[in-house]
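Residue indices begin at 1 and follow the sequence shown. The figures that follow rest on heavy atoms only: side chains count, while hydrogens, waters and symmetry mates do not.
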Amino acid sequence: MDPVTIKDIARALNLSTSTVSRALRDSYEISPETKRLVMEYAERLNYRPNPIALSLKGSSSKALAVIVPQIANNFFSQAINGIEAIAYNRGYHVIIFQTHESYEREMANIQQAVSRRVDGLLLSLSSETSDVSHLKALHAQGIPLVLFDRVSAELDVTQVVADNFGGAYAATSHLLQTGRRRIAHLTIPPYLSITQERLAGYRAALEQYGVPFDENLVRYGTFGPDEADELVEQLLAQEPRPDAFFTASDRLALGCLTALRKRGIRIPEDISLIGFTNLPAAEMLNPPLSTVTQPAQQIGQLAAERLIELIEHKKKASPPAILKLPTTLVARESSAPAVRVSSDFRIGL
């Protein structure tokens, strides 16, 4: 469907194009009633000024919108560093929005970014976003869009991600190789792409090593405060209890560590712990935390490069693709080998 133009609005409302143009600019020359009529119709048709026409008028903003769940998250702060480095070198400035894991705020952020006439958007989905129709509409309007980290298979746009499957497979395999068999997985909402990929990697490693998957060992968080403590309590109540925890985020890793230590559980003597996290202080924790780290800064850089290519070259830009960067397993003391290994447990199958 072609984008709505000023001519379309003028024709539908039986007004001149100059009247519509001035009404959209909130000109004092146009009556309040006409402005209201034009604005309501434009909003109903999801009208947006033609970006090509704006650039021909010298109105290109040279701005990129970056919409993330939370800047305080170590992954996103590192990704933003990468985005800003590329944008600055290419003559763009960056406007950062936070959704705070809210679908409503994500939509509001997008509307605000579009109203500021940004040249393109870089976005990582909020934890509440299961419906991406608002992004499909944005893409249909021809607005340059690149997703990163939390992405959607429903969108035919470039998506830059870490190898979540490979990272989870490596973490789970490492725990299995050190003698752990009942590995609990604390993760985030199940409809997020990164949740599905990490759970698939976890399950694949269990299967590879001949350990049955037990859905009772998987718990889904909702980004609530201190929720890791309750999830750990539920898992420890099982018989037999888990002998290892693999967590899928910074917050869950720290929450799990705190919950285990509060209950007098020794790490790694009693229970191993490994986190999918970019915590810079992981090696300074007690004990030092084993991690799967993501190349966050490189993800941000690559996402920015592809967005700018899309903005500047349009039809000549590279076609939409899923760009996957490798993760790194860093084994530290928190996942050291178990003291006792069952005689019937086979390593390296």
Side-chain angles (χ1 to χ4, degrees), residues 67-70 73 75-76 79 99 101-103 106 123-136 145-176 183-209 211-224 227-228 231 235 242 244-253 255-256 274-278 291-296 299 303 320-329:
I67 303 175
V68 297
Q70 191 176 35
N73 179 295
F75 172 86
F76 290 118
T99 64
E101 304 292 358
S102 164
Y103 172 70
E106 180 175 291
L123 184 140
S124 187
L125 299 175
S126 84
S127 62
E128 291 183 356
T129 303
S130 55
D131 176 6
V132 294
S133 56
H134 59 303
L135 297 177
K136 289 180 180 178
L145 172 67
V146 170
L147 300 185
F148 69 101
D149 187 45
R150 302 183 193 173
V151 299
S152 172
E154 295 181 43
L155 290 164
D156 186 26
V157 300
T158 291
Q159 309 186 31
V160 185
V161 298
D163 183 4
N164 292 293
F165 176 95
Y169 181 91
T172 309
S173 296
H174 166 67
L175 292 170
L176 291 162
I183 302 170
H185 182 40
L186 298 187
T187 188
I188 50 183
Y191 45 79
L192 291 174
S193 60
I194 57 176
T195 304
Q196 296 164 11
E197 292 161 6
R198 292 171 190 177
L199 180 61
Y202 162 79
R203 294 189 65 164
L206 292 176
E207 182 178 354
Q208 177 67 25
Y209 285 83
V211 177
F213 169 69
D214 183 352
E215 64 182 13
N216 293 317
L217 288 174
V218 178
R219 289 292 185 275
Y220 297 96
T222 59
F223 291 92
E227 68 179 347
L231 298 177
L235 288 161
F245 281 79
F246 166 42
T247 67
S249 72
D250 289 357
R251 181 184 50 79
L252 288 173
C256 186
I274 188 167
F276 216 113
T277 170
N278 278 44
T291 60
V292 176
T293 59
Q294 305 167 82
I299 287 173
I322 297 175
L323 307 176
K324 190 175 295 184
L325 300 182
T327 53
T328 303
L329 171 65

What distance separates [X] [atom1] from [Y] [atom2], expressed to the nearest 0.5 Å?
X	Y	atom1	atom2	result
R219	L235	CZ	CG	4.5 Å
E106	S127	CD	OG	9.5 Å
S173	I183	OG	CD1	8.5 Å
D149	F76	CG	CZ	4.5 Å
F276	T293	CZ	OG1	8.5 Å
I188	T195	CD1	OG1	4.0 Å

Is a side-chain N or O of Q159 found less than 3.5 angstrom from the main chain of A321, in a donor-acceptor match?
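A pair under 3.5 Å: no.
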Hey, mind stepping through V157 and L135 against side-chain contact (heavy atoms from CB on, under 4.5 Å) and telling me if it holds?
CA-CA 10 Å; V157 300; L135 297 177; over 6 Å; no
Under the salt bridge (charged side-chain N to carboxylate O under 4.0 Å, His left out) rule, collect the residues that match up with [X], sequence neighbours excluded.
X	answer
K324	none
R150	E101
D131	none

Which atom of [X] lies closest to which atom of [Y], heavy atoms considered:
X	Y	answer
P189	G221	CD-O, 3.3 Å
G167	V292	O-CG2, 3.5 Å
N278	A296	ND2-CB, 3.8 Å
G166	T327	C-OG1, 4.3 Å
C256	A228	N-CB, 3.9 Å
L147	S152	CD1-N, 3.8 Å

Checking [X] now: which residues fulfil side chain to side chain donor-acceptor pair (under 3.5 Å) with it, not counting sequence neighbours?
X	result
E215	none
Q294	R198
T172	none
T99	none

Does [X] have any side-chain contact (heavy atoms from CB on, under 4.5 Å) partners at least two apart in sequence or in another chain, and if so, which?
X	answer
A204	F165, Y169
R203	L199, F213
P320	D156, T158

Just jot down the ring pair (Phe, Tyr, Trp, His ring centres under 6.0 Å) partners of F148, sequence neighbours excluded, or say none.
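Ring pair (Phe, Tyr, Trp, His ring centres under 6.0 Å) check on F148 returns nothing, list empty.
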Quick one: ring pair (Phe, Tyr, Trp, His ring centres under 6.0 Å) partners of Y202, sequence neighbours excluded?
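Scan of Y202 (ring pair (Phe, Tyr, Trp, His ring centres under 6.0 Å), adjacent residues dropped) gives H185.
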Among T247, N73, D250, which residue satisfies the side-chain hydrogen bond (donor to acceptor under 3.5 Å, both in side chains) criterion with T277?
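The passing option is D250.
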Evaluate I274 against L329 for side-chain contact (heavy atoms from CB on, under 4.5 Å), listing each step before the verdict.
CA-CA 10 Å; I274 188 167; L329 171 65; 3.4 Å; yes
Neighbour count >12 (heavy atoms, 6.0 Å) for atom CD1, I322
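For I322, atom CD1 is not crowded (no more than 12 foreign heavy atoms under 6.0 Å).
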Audit row: S193, V161, side-chain contact (heavy atoms from CB on, under 4.5 Å) steps and yes/no
CA-CA 10 Å; S193 60; V161 298; 5.8 Å; no
